[in-house]
Amino acid sequence: MTRRERLYSFLRPWLERFGIDLLSWPGLNELDRKLARHLPQRGGWFVEAGANDGFLQSNTYHLARFKGWRGVLIEPVPQLASACRKNRPESQIFPMALGSPEQSGSRLSLRFAGLMTGVCGALGDEATETKRAEDGLRIQGLPLECTVLDAPVRTLTEILIESQTPAFFDLLSLDVEGFEVEVLKGFDLERHQARFICLEVRRNHLDEVIQRLSSRYEMIETLYENAEHGDYLFRLR
């Protein structure tokens, strides 16, 4: 954590006590602010996968802290899931990875890289994934140790059922570092629908993701995009 981040983490709770949200918009590339234009102001329900510690780069923190939203956070790295329990008492925490129905009940290997932790094999060859993990650790100021963890796998639908998420809820936010197609295979669109889906997608997966969601959803906005991936907003038809 940088000196600036330590200062902000000290000041933020004090500001929040007085209803000041200046330091309470942690979404990367202002995704949380961009989503707020579309979402109900009070009392919604979210599901966020790739929750990290519940604050850093969270698309749902501001909704929970200032708008009374509740929901589900999914994070497969044990120490980060523990941090979610501390940082997000309004949420149900699921310390597991998401996958397809065929993967449910198994375990997935994860290459730890803090906010850029990903499923081994999701991006192709091991050398590419190792370099990406090392770059991510370096950017975040974390020790350059490419640790491989394993995590239990459930489908998104199984977690929605267990958490008693409503059949129609407000926001699904997925940031699963290249594993989005497998995760969407485990999302039963007949059983649950989110009014909005915010989805980080590798550019080479975008056509397949759009096709998979097309029976229920339309893409309405590109929230952020670079050469490798983009964050896209889908709306229930």
Side-chain angles (χ1 to χ4, degrees), residues 1-17 21-33 35-36 45-98 108-119 132-154 156 159 163 171-180 183 198-200 224 231:
M1 184 180 291
T2 66
R3 181 181 300 178
R4 180 179 179 181
E5 288 170 338
R6 288 195 295 270
L7 176 62
Y8 282 8
S9 66
F10 173 77
L11 291 176
R12 175 168 46 83
W14 291 95
L15 293 174
E16 289 180 350
R17 288 186 183 185
D21 66 357
L22 180 65
L23 302 179
S24 303
W25 295 91
L28 183 63
N29 300 310
E30 298 191 336
L31 292 184
D32 47 356
R33 292 181 183 272
L35 287 171
W45 185 276
F46 59 79
V47 176
E48 184 170 21
N52 194 53
D53 65 357
F55 178 74
L56 286 175
Q57 298 188 11
S58 173
N59 290 334
T60 62
Y61 178 85
H62 188 272
L63 294 169
R65 183 64 184 84
F66 286 91
K67 303 297 183 181
W69 283 49
R70 296 184 301 116
V72 173
L73 298 177
I74 305 167
E75 173 51 55
V77 178
Q79 61 266 38
L80 295 178
S82 294
C84 280
R85 293 189 180 95
K86 178 182 177 181
N87 293 332
R88 300 291 294 275
E90 85 292 333
S91 295
Q92 299 179 58
I93 312 301
F94 286 81
M96 55 195 57
L98 295 177
L108 280 176
S109 295
L110 307 173
R111 185 168 281 104
F112 177 75
L115 291 160
M116 297 170 66
T117 298
V119 176
R132 183 177 184 276
E134 290 175 345
D135 290 344
L137 291 169
R138 188 176 296 108
I139 290 168
Q140 296 168 71
L142 298 172
L144 294 179
E145 300 175 4
C146 287
T147 307
V148 174
L149 312 169
D150 74 333
V153 184
R154 303 280 297 281
L156 178 56
I159 290 177
S163 62
L171 175 65
L172 172 61
S173 178
L174 291 179
D175 181 356
V176 291
E177 300 296 331
F179 210 57
E180 52 273 3
V183 171
C198 177
L199 183 56
E200 182 185 273
Y224 173 79
D231 295 284

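Sequence positions, counted from 1, serve as the residue numbers for this chain. The figures here come from the full heavy-atom set of this structure, side chains too, leaving out hydrogens, waters and symmetry mates.
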Where is the tightest heavy-atom contact between [X] and [Y], given as atom of each residue plus distance?
X	Y	result
Ser163	Gln92	O-NE2, 3.0 Å
Leu98	Ala49	CD1-CB, 3.6 Å
Glu75	Ala51	OE1-N, 3.4 Å
Ile93	Cys84	CD1-CB, 3.8 Å
Glu48	Gln57	OE2-O, 4.4 Å
Arg85	Pro95	NH2-CG, 3.7 Å

Original post:
Picking from Leu73, Val72, Ile159, what satisfies side-chain contact (heavy atoms from CB on, under 4.5 Å) with Val47?
Top reply: Val72
Original post:
If you draw a 6.0 Å radius around CZ in Arg12, do more than 12 non-hydrogen atoms from other residues or ligands fall strictly inside?
Top reply: yes
Subject >> Trace of the side chain to side chain contact (heavy atoms under 4.5 Å, CB included) decision for Leu11 with Leu22 >> reply: CA-CA 10 Å; Leu11 291 176; Leu22 180 65; over 6 Å; no
Nearest-0.5 Å distance, [atom1] of residue [X] to [atom2] of residue [Y]:
X	Y	atom1	atom2	result
His62	Thr60	NE2	OG1	12.0 Å
Phe10	Leu23	CZ	CG	12.0 Å
Ser173	Leu63	OG	CG	10.0 Å
Phe179	Leu108	CZ	CG	5.0 Å
Leu31	Asp231	CG	CG	4.5 Å
Asn59	Phe46	CG	CZ	11.0 Å

Subject >> The single option from Trp69, Phe55, Trp25 passing ring pair (Phe, Tyr, Trp, His ring centres under 6.0 Å) against Tyr61 >> reply: Phe55
Subject >> Asn87 (side chain) donor-acceptor with Asp53 (main chain) under 3.5 angstrom >> reply: yes
Subject >> Contact check, side chains of Asn52 and Ser58, non-hydrogen atoms, under 4.5 Å >> reply: no
Original post:
Considering only heavy atoms from C-beta outward, does the side chain of Glu16 approach that of Phe66 to under 4.5 Å?
Top reply: yes
**OP:** Start with the C-alpha distance between Glu180 and Glu200, add both sets of side-chain angles, then the distance that settles side chain to side chain contact (heavy atoms under 4.5 Å, CB included), and finish with yes or no.
**Re:** CA-CA 8 Å; Glu180 52 273 3; Glu200 182 185 273; 5.9 Å; no
